[in-house]
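Beneath this line is the structure, given in structure tokens, with notes to follow.
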Amino acid sequence: MRTFTLDIDALTRLINGREQQENWLDLESGKVLTLPAEDQYSEERQQVELEPDRYTRIPNLDVPQRVAMRESFLFTLDDVHAHPLLSAALTGRKPLRSFDYEIEAFPALREQWQVFELKQLREFALNWLYELGLEPAPDSCPWIRAAFPRTSCAV
């Protein structure tokens, strides 16, 4: 396992991003290259293509993964008024937008959702890094140690 510093919060934003761009992690430096999807001839794109072992594409959650995360959140709810509304939002057209709209009516639940989502995204990011053979550096960020024992935010 290799270690280097990486901003986990920035990584989770990229994983959760809905922009039509490609994000590549430089496995030597920990830097992120952001490339527009339609850009096929830039210097950065050529760099990624010439050194495929050095760069790995940062995954984006797709719609089914995002819906599944929200469904998992619903299993944590005890609110008899919010649960049916949020559940119905996820089964309709544009489930993400509908869920986000419906949860606005429940400020306390919206905060719970944001905490839940952040925790799930960090866990996803850390698991992805482990799959790449990257190990978090010890004792860097207390919030990660509390949420995920034996891990931290610097990798």
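A quick note: this is a predicted structure, and the numbers were derived from the prediction, not measured. Index from 1, following the sequence.
Annotation: side chain of F106 is not in contact with side chain of L77 (no heavy-atom distance under 4.5 Å). Between Q112 and F73 the shortest side-chain heavy-atom distance falls below 4.5 Å.
For the residue pair P84 and V80, the shortest heavy atom distance occurs at CD-O, 3.2 Å. Closest of all the heavy-atom pairs between A88 and T91 is O-OG1, 2.9 Å. Closest non-hydrogen pair, Q47 versus Y55, comes out as NE2-OH, 2.8 Å. Nearest heavy atom pair, residue G92 against residue P95, reads O-CD, 3.7 Å. Shortest non-hydrogen contact noted between F116 and M69 is CE2-O, 3.4 Å.
Around the CZ atom of R54, the shell of radius 6.0 Å holds more than 12 heavy atoms that belong to other residues, nucleotides or ligands. Under a cut-off of 6.0 angstrom, the local environment of CZ in R93 is sparse, with at most 12 non-hydrogen atoms contributed by other residues, nucleotides or ligands.
A distance of 11.5 Å separates CG of L86 from CD of E71, quoted to the nearest 0.5 Å. With rounding to the nearest 0.5 Å, the separation of CD1 in I103 from CD in E111 is 10.5 Å. To the nearest 0.5 Å, atom CG of residue L25 and atom CG of residue L134 are 7.0 Å apart. Put simply, CD on E51 and CD on Q46 are 12.0 Å apart, with the number rounded to the nearest 0.5 Å. One finds the CZ atom of R57 at 11.5 Å from the CG atom of L14 (value rounded to the nearest 0.5 Å). A distance of 4.5 Å separates CZ of R70 from CH2 of W113, quoted to the nearest 0.5 Å.
Side-chain N or O atoms of D26 include none that pairs as donor or acceptor with a backbone N or O of L33 at under 3.5 Å. With hydrogens and angles disregarded, a donor-acceptor distance shorter than 3.5 Å links the side chain of Q65 to the backbone of D62. Between the N23 side chain and the L35 main chain, no donor and acceptor come within less than 3.5 Å of each other. A donor-acceptor contact shorter than 3.5 Å is absent between the side chain of S87 and the backbone of H83.
Under the 4.5 Å side-chain contact rule for hydrophobic residues, L132 and L11 share a cluster. At a threshold of 4.5 Å between side-chain heavy atoms, the hydrophobic network of Ile, Leu, Val, Met, Phe, Trp and Tyr places W24 and V32 in two separate groups. When the side chains of ILVMFWY residues are joined at heavy-atom separations under 4.5 Å, either directly or via intervening members, L109 and V115 end up in two distinct hydrophobic clusters. Using a 4.5 Å cut-off between side-chain heavy atoms of Ile, Leu, Val, Met, Phe, Trp and Tyr, with links allowed through other members, I58 and V63 fall into the same hydrophobic cluster. With hydrophobic clusters built from ILVMFWY side chains whose heavy atoms lie under 4.5 angstrom apart, L121 shares a cluster with L74.
The side-chain hydrogen bond (donor to acceptor under 3.5 Å, both in side chains) check on R66 picks up N16, with sequence neighbours excluded. Taking the side-chain hydrogen bond (donor to acceptor under 3.5 Å, both in side chains) definition, one finds that R110 meets it with E104, sequence neighbours left out. The side-chain hydrogen bond (donor to acceptor under 3.5 Å, both in side chains) search around D100 returns none, not counting sequence neighbours.
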Verdict with supporting geometry, L118 and R122, side-chain contact (heavy atoms from CB on, under 4.5 Å)
CA-CA 6 Å; L118 184 58; R122 286 177 176 160; 3.4 Å; yes
